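When reading the values below, keep in mind they use all heavy atoms of this one structure, side chains included, and skip hydrogens, waters and symmetry mates. Fair warning: this is a prediction, and the values are worked out from it, not measured in the lab. Every chain is numbered from 1 and lettered A, B, ... according to where its sequence line falls, protein lines coming before strand lines.
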Protein chains: 2
Amino acid sequence: MATGRDVAQLAGTSTAVVSYVFNNGPRNVSPETRERVLAAAAELNYQPNALARALSAGKTSSIGLIVPNIANPYFGELARALEDAALAHNHLLIIADSAGNPEQETRHCASFLGRRVDGVILVSLFDNPDLSAFRRENVPVLVLHPIDHAHGVSSLTIDYEAAARDATAHLLDHGYDSIGMLNGLGETAGAQQHRAGFEAALARHAERNPGVTVRAEERPAEISRAAAARIATAWLAEPDRPRAIYSTTDEQAFGVLYAAHVNGLRVPEDLAIVGFDGTEQTEFAVPPLTTIAQPIRQISNRAIELLVRYVPDSPVHELFAYTLTRRSSCGCEPS
Amino acid sequence: MATGRDVAQLAGTSTAVVSYVFNNGPRNVSPETRERVLAAAAELNYQPNALARALSAGKTSSIGLIVPNIANPYFGELARALEDAALAHNHLLIIADSAGNPEQETRHCASFLGRRVDGVILVSLFDNPDLSAFRRENVPVLVLHPIDHAHGVSSLTIDYEAAARDATAHLLDHGYDSIGMLNGLGETAGAQQHRAGFEAALARHAERNPGVTVRAEERPAEISRAAAARIATAWLAEPDRPRAIYSTTDEQAFGVLYAAHVNGLRVPEDLAIVGFDGTEQTEFAVPPLTTIAQPIRQISNRAIELLVRYVPDSPVHELFAYTLTRRSSCGCEPS
DNA sequence: CTGAAAGCGCTTACAG
DNA sequence: CTGAAAGCGCTTACAG
């Protein structure tokens with residue numbers, strides 16, 4: 001492939017000038033020279049080598065993203081929004097999938113370090129991911145879920161506890177007296193906040209409705225349709241099955257929806273469901289799913305902005321607004 | 001960050017040897033020297049700079065993938081399988097999303113060229129994508145869908161026409177006498193093959209059942225749940241609505257499922273549905289969707305293999321086996 | 001406004 | 001088995 005030298009030669013100038021033209025700086029170039037360079041470049045189909053540029057300039061203009069499963073639509077939508085935002089800043093988003101495997105997450109981190117990404121965005125499988133290597137090399141890292149502030153990592157997230165409280169309270173407002181929560185596996189900060197919100201809503205409800213008892217139970221499941229379907233199918237077959245289920249991800253909510261179908265239960269007449277994430281698919285579920293909608297675009301735009309423009313020198317923890325999108329799966333009237 | 005020179009210095013050797021150690025070649029290194037290098041590297045947290053390596057070695061060990069929408073689960077599953085395969089060959093998969101925008105696909109192609117990827121895998125928005133730049137630079141390209149062989153691009157795909165024929169025939173075997181096809185937009189090779197298969201099944205059925213008339217109609221829709229839902233909702237509200245619909249993607253099939261729900265139609269009692277792609281979600285649809293399952297893993301493994309090991313010097317067109325996964329949406333007994 | 005040259009951090013013939 | 005050095009293709013002070 002043609003190099004800057006080839007272009008310079010054909011244009012009768014130096015490689016420095018070719019660089020100035022293609023980068024619009026840092027020095028000025030006379031209009032005539034610029035024309036000659038551009039013409040030569042077009043003739044030779046010149047495409048600057050991004051590797052050489054990155055090596056020389058000391059930055060790659062790339063950002064790494066690690067998600068647990070890119071086939072999960074929430075992460076797909078997230079990746080899409082992040083890529084749009086990165087592109088708007090002329091950065092490349094490198095998407096890596098940890099496939100639910102902690103070791104693979106660690107491998108991807110090392111690989112990103114080797115590729116000298118300018119920043120990384122992480123949806124971690126660990127409650128306390130080891131980010132010391134990034135810290136050592138001064139590579140900014142952003143985590144897109146709750147994380148213990150003591151870990152010293154920046155996070156951009158909605159308030160899971162408040163959202164879980166609202167979701168549960170909404171189910172309680174419908175009058176359901178037996179509510180299940182399908183949480184994720186493990187004691188991550190996210191899982192703990194979901195639980196805290198769930199319990200807070202129950203406590204408040206008990207306080208306001210003396211004498212009324214609501215049965216509540218939490219069960220864990222891997223975050224996948226298949227796992228949620230399996231666990232919920234068994235759960236809903238029990239005689240004292242819950243009347244409503246709060247799922248901590250949409251992916252699991254779809255599994256619960258399926259489990260209801262398997263058990264011949266109507267939604268919402270026999271079982272109410274609320275999901276979490278607000279993926280586009282929830283609108284087209286049968287019936288449409290009520291869910292906590294995350295502001296994916298806003299979080300994504302801010303994440304990229306923080307990584308490419310206003311790199312914080314100490315950890316930041318920004319909270320974003322969520323909305324409870326009411327649809328028929330919880331018992332609300334279809335709109 | 002520590003460089004190879006730092007490591008060489010600490011280990012009391014040269015950068016060449018450091019390189020030999022980290023690449024296991026191309027020269028041998030005595031066990032003692034190797035030990036010293038490894039120890040020094042560990043002490044300095046040395047991580048070879050992949051950019052410098054690529055620039056020097058003349059290959060990036062990276063493969064570019066462009067899909068129309070990474071939030072579409074089919075492409076998510078595909079990306080995941082391709083990444084696994086690439087990783088197994090120590091390659092990086094760079095995922096790019098054209099967001100249904102042809103110009104963005106073109107931009108991504110240029111960007112891949114600039115990043116000097118070793119190969120590209122494409123799910124194109126164009127019927128005849130302009131791949132001349134890759135050809136000029138000798139970058140192998142693989143397209144994962146039907147494409148006119150005259151275009152000179154390699155393709156890895158299932159036989160869409162045969163699959164469409166089987167799917168349609170299956171619906172006809174159920175005895176439905178009015179069948180709709182929800183195709184993609186535009187006259188791509190894929191859309192044409194879907195149509196050809198659909199019509200072939202109808203023709204054969206007519207031949208074998210003289211006197212029996214089956215109504216058939218094709219309608220186009222953008223490949224998204226929302227678009228398919230909108231179009232199918234109107235279609236199913238018509239008095240002579242189809243009794244069964246063959247959707248050329250699962251994503252559209254989910255939209256049709258939703259449209260049936262909106263129209264108060266039961267699936268499969270009032271409307272039978274068959275999808276295409278075999279995404280994992282189809283298993284957990286309500287009711288589970290019958291679909292043409294693509295061998296995603298096999299196609300992905302082969303694609304990576306062709307790009308990193310047996311780069312073909314002239315276009316290849318490999319056909320993979322698909323399966324019709326029967327579930328209840330078409331009227332088959334739930335298994 | 002422009003050019004010659006050093007340097008980014010590797011790899012790899014070339015010597016020894 | 002090991003080292004000195006050229007080179008990959010850019011960017012960017014340094015001169016002029």
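- In the set dC1(D), dC10(D), dG9(D), dC1(D) carries the atom at the smallest distance from any side-chain atom of Thr33(B).
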Quiz item: If you write DNA chain D from 5' to 3' in dot-bracket form, with Watson-Crick or G-U pairs under 3.5 Å, [ ] for crossing pairs and | for pairs with another strand, what do you get?
Solution: |||.||||||||.|||
Exercise. Before giving the answer on salt bridge (charged side-chain N to carboxylate O under 4.0 Å, His left out), spell out for Glu83(B) and Arg80(B) the whole-Å C-alpha distance, their side-chain angles and the decisive distance to 0.1 Å.
Key: CA-CA 5 Å; Glu83(B) 191 184 327; Arg80(B) 198 165 205 233; over 6 Å; no
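- Between Lys59(A) and Asp118(A) there is no salt bridge, since no side-chain N of the basic residue sits under 4.0 Å from a carboxylate O of the acidic one.
- Within the 4.0 angstrom heavy-atom criterion, only backbone atoms of the sugar-phosphate kind lie near Tyr46(A); the bases stay farther away.
- At a threshold of 4.0 angstrom between heavy atoms, the contacts of Ser19(B) include nucleobase atoms, whether or not backbone atoms are also involved.
- Of the two residues near DNA chain C, Tyr20(B) and Asn49(B), the one whose nearest nucleotide lies more 5' is Asn49(B).
- Side-chain N/O atoms of Thr15(B) include none lying less than 4.0 angstrom from OP1 or OP2 on dG3(D).
- Put simply, CG on Leu10(B) and CZ on Arg5(B) are 13.5 Å apart, with the number rounded to the nearest 0.5 Å.
- Counted by atom type alone, His317(A) and Ser155(A) present one or more donor-acceptor pairs between their side chains at under 3.5 Å.
- In the set dT2(D), dA4(C), dC1(C), dT2(D) carries the atom at the smallest distance from any side-chain atom of Val29(B).
- Side-chain polar atoms of Ser124(B) and Glu105(B) form a donor-acceptor pair below 3.5 angstrom.
- The side chain of Arg53(A) lies closest to dT11(D), out of dT11(D), dG3(C), dT2(D).
- Here Gly4(A) lies in heavy-atom contact (under 4.0 Å) with sugar-phosphate atoms only.
- Side chain Ser56(B) to base dG9(C): no donor-acceptor pair is found below 3.5 Å.
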